[in-house]
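In what follows, every chain begins at residue 1, and chains take the letters A, B, ... in the order their sequences are listed.
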Amino acid sequence: MTSVLSGGVRDSINDALLEAVRKLGVDGEVPDLELGRAKVAEHGDYATSAGLKLARVMRQDPKVIAARLAETIEVAEGAATAEASGGYVNFRLADDWLRRLVGRVRPGYGARDIGHGERLQVEFGSVNPTGPLHIGHGRGVTLGDSICRLLEFTGHAVQREYYVNSDNTQTRRFGASVFARLHGFEPPEGGYTGDYVVELAEMARHDLPGIADLPEDEAEPKLRMYAINKMVERIRATVARVNVRYDEWYYENRLWESGLPQEAIKRLRASGHLKERDGALWFGDASDEEEDRVVIRANGQPTYFASDLGYLLSRFEQRDYNRVVEVWAADHHGYVPRMKSAAEALGFDARLVIILHQMVNLKEGKMSKRAGRFVTLDDLVDRVGSDAVRYFYLLRSPDTTIEFDLELAVTQGSENPVYYAQYAHARLSNVEVAAGAQHPKLPEAANVGLLVHPWELDVARQLAFWPDVVEDATALLEPHRIPYYVHDLATAVHRFYHAGNAQSEHRVVVQDPELTRARLELSRAARHTLKTALDLMGVSAPERM
RNA sequence: GCCCCGCUAGCUCAGUGGAUAGAGCAUCUGUCUUCUAAACAGAGGGUCGGGGGUUCGAAUCCCUCGCGGGGCACCA
């Protein structure tokens with residue numbers, strides 16, 4: 001029998017449910033019984049429509065099946081009781097089990113070994129290093145970072161990588177723009193016109209003696225690398241402000257130096273995935289020319305796609321990651337099939353996971369990095385703070401387009417839902433301080449049996465749900481499930497706390513040391529869980545506010 | 001034209017094919033001599049974009065139409 005703590009109580013219930021189905025004589029395929037949270041309080045905490053689902057297989061009345069299941073089911077540790085209702089089976093978490101759960105919650109509660117140490121890379125952010133990060137990029141880096149945090153929390157060996165473009169058309173234009181500014185010209189057509197390019201040119205003039213005397217074909221690569229390095233420095237500082245960390249800033253030119261794109265091209269040529277047409281080298285199968293993509297241009301210059309072919313080898317072979325998760329903005333969605341078929345052609349198909357998130361649009365009009373028209377992520381952090389920024393981004397499903405209104409973001413900064421959760425944490429921290437002050441020596445062990453009020457058990461109930469949230473968020477790579485959970489837990493905490501405002505005998509810290517100790521146990525369990533969940537979001541858990 | 005995402009309360013958004021669709025903000029009504037009121041209790045507010053279909057059951061799956069966003073490069 002597995003410990004309930006190793007997974008969630010939902011897993012235990014599900015195991016018990018399946019075992020009961022077997023006992024009823026169903027063998028072979030069991031349809032998905034869709035055990036989920038009950039939506040109405042009368043239906044308990046979890047519910048399944050197992051009776052209805054099994055009616056066809058068992059050729060029996062759903063009500064009868066549900067009733068028999070309810071009788072048969074035995075959940076491990078007596079964690080929950082089952083009750084039939086029509087074709088449904090409803091589960092109610094046992095009060096006594098909830099109390100014991102409180103005593104078992106430790107810092108980091110909810111961590112699970114789902115990944116078994118799987119080596120995987122998450123590549124996210126990876127914006128062309130041709131300008132500062134704006135609010136659109138903020139979404140990508142916070143999403144990617146929280147995905148990493150989730151995967152680390154669930155037993156994966158995660159490497160966080162930023163792929164630094166350095167040899168593509170955009171970065172060349174960037175280099176050419178710096179060159180133009182160095183000589184007092186306007187950047188060329190399609191170049192970068194932001195003021196920061198002028199600053200970069202002046203810094204280069206100082207840091208690269210003699211650079212202004214070189215002709216463009218010699219100066220541009222030097223200026224480009226100089227400017228890219230400056231931008232990478234700045235991007236690194238920006239993401240650090242929102243608690244985003246990378247293990248590796250992997251430069252595109254490193255690929256070419258190690259011959260990986262060349263090797264990938266060689267292999268794809270041998271396997272018949274490449275062909276010459278119009279003087280260029282194309283990737284694609286013969287069935288549809290429209291789908292073909294250029295790898296080497298007619299002028300002999302490789303495309304970014306050639307680099308990406310080598311990048312696949314770098315990660316799946318040279319560095320031996322079992323899986324690679326890419327986090328991209330939706331404007332790259334057209335590139336997904338290409339990458340997928342490239343990965344397939346090289347034999348890595350199922351191991352490449354691509355997560356897309358929708359765009360962040362500025363209400364005042366389109367952002368453009370080249371035109372220097374955008375709100376930087378630094379601006380946003382300056383005005384509303386890192387915690388509110390992270391919560392704001394992570395609250396939304398990646399599929400939702402964000403219409404960003406800076407004025408509104410600033411005015412609403414103070415009513416950001418993040419403070420609701422942080423306040424719950426701060427209140428509990430304060431309670432612990434108060435308990436220590438009033439009771440210098442409390443009992444070592446807590447008698448959790450003293451937790452009897454509904455507002456106390458409801459906190460415990462929320463704690464029971466946390467492993468489910470971790471599991472779902474990890475399986476779907478959807479961190480936005482966490483802030484919604486945090487809100488629910490914070491609500492239960494505030495209610496628990498407030499019971500003591502309404503009637504002082506319900507406070508955590510009371511005369512009776514035994515009772516104080518029991519309620520303190522619950523406070524700590526809730527505080528640890530809030531802290532853990534906020535950590536996964538990269539949001540701080542303050543001890544006072 | 002083709003591809004992707006969205007359309008759910010006044011606004012911003014959750015919602016693994018299940019029972020009576022939720023939260024925050026905003027609006028209205030109550031609650032601080034108290035372990036922190038950045039809180040709590042309550043009220044109002046919905047043809048889940050329209051129309052078909054599949055199913056015992058659809059906000060959820062399929063088809064179709066509409067609206068909004070994004071993409072369809074020898075840019076990334």
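- Of the candidates A38(B), G70(B), G15(B), the closest approach to any side-chain atom of His480(A) belongs to G15(B).
- Remark: Arg10(A) fails to qualify as a cation-pi partner of Tyr46(A) under the 6.0 Å distance and 45° angle criteria applied to the six-membered ring.
- Across G22(B) and C4(B), the matching C1' atoms stand 28 Å from one another, rounded to whole Å.
- Across the protein-nucleic acid pair, Trp328(A) atom CH2 and G70(B) atom C1' stand 15 Å apart, rounded to whole Å.
- Set against A41(B), C74(B), C35(B), the side chain of Arg495(A) has A41(B) as its closest nucleotide.
- Comparing the same atom, P, in A23(B) and in C40(B) gives a spacing of 13 Å after rounding to whole Å.
- In this structure, Arg277(A) satisfies the cation-pi test against Trp282(A), with its NZ or CZ atom closer than 6.0 Å to the six-membered ring centre and inside 45 degrees of the ring normal.
- If you take atom P in A37(B) and the same atom in G49(B), they sit 41 Å apart, rounded to whole Å.
- To the nearest whole angstrom, the two C1' atoms, one in U12(B) and one in C7(B), are 14 Å apart.
- Because its NZ or CZ atom is not both nearer than 6.0 Å to the ring centre of Phe392(A) and within 45° of the ring axis, Arg390(A) does not count as a cation-pi partner of that residue.
- Under the Watson-Crick and G-U wobble criteria, each requiring two contacts below 3.5 Å, nucleotide C48(B) is left unpaired.
- Listed nucleotides: C75(B), C74(B), A38(B). Nearest to the side chain of Gln170(A): C75(B).
- Closest to the Arg507(A) side chain, of the nucleotides G17(B), C35(B), A39(B), is C35(B).
- When the C1' atom of C32(B) is taken as reference, atom NE2 of His498(A) falls 8 Å away, rounded to whole Å.
- Within residues 393-403 of chain A, the residues approaching RNA chain B are Arg396(A), Ser397(A), Asp399(A), Thr400(A), Thr401(A), by heavy-atom distance under 4.0 Å.
- When distances run from any side-chain atom of His333(A) to the nucleotides G71(B), C74(B), G18(B), the shortest one goes to G71(B).
- Distance from the side chain of Glu34(A) is smallest to G18(B) among G18(B), C35(B), C5(B).
- Checked against C56(B), G70(B), C35(B), the side chain of Val431(A) finds its nearest nucleotide in C35(B).
- Across all strands shown, the partner of C7(B) is G66(B), judged by Watson-Crick or G-U wobble contacts whose two distances both fall under 3.5 Å.
- A gap of 38 Å separates the P atoms of C67(B) and C28(B), to the nearest Å.
- Remark: the separation of the C1' atoms in U33(B) and G46(B) is 44 Å, to the nearest Å.
- Between Asn229(A) and Tyr251(A), the side chains place a donor N or O and an acceptor N or O closer than 3.5 Å (distance only, hydrogens not considered).
- Taking atom C1' on both nucleotides, U16(B) is separated from G52(B) by 26 Å, rounded to a whole Å.
- Checking Asn168(A) against Asn128(A) by side-chain atom types alone, a donor-acceptor pair falls below 3.5 Å.
- Of the candidate nucleotides A37(B), C74(B), G18(B), C74(B) has the atom lying nearest to any side-chain atom of Trp282(A).
- Distance, Leu54(A) CG to C56(B) P: 16 Å, rounded to whole Å.
- For the pair Asn361(A) CG and G70(B) C1', the interatomic distance rounds to 8 Å; values are reported in whole Å.
- Closest to the side chain of Lys53(A), from the set C74(B), G70(B), G18(B), is G18(B).
- Per the geometry, CZ belonging to Arg56(A) stands 8 Å off C1' belonging to C56(B), to the nearest Å.
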Report task. Do nucleotides 19-24 of chain B as a string where each nucleotide becomes B, S or -: B if the base has a protein heavy atom under 4.0 Å, S if just the sugar-phosphate does, - if no protein is that close. Result -> BB--SS
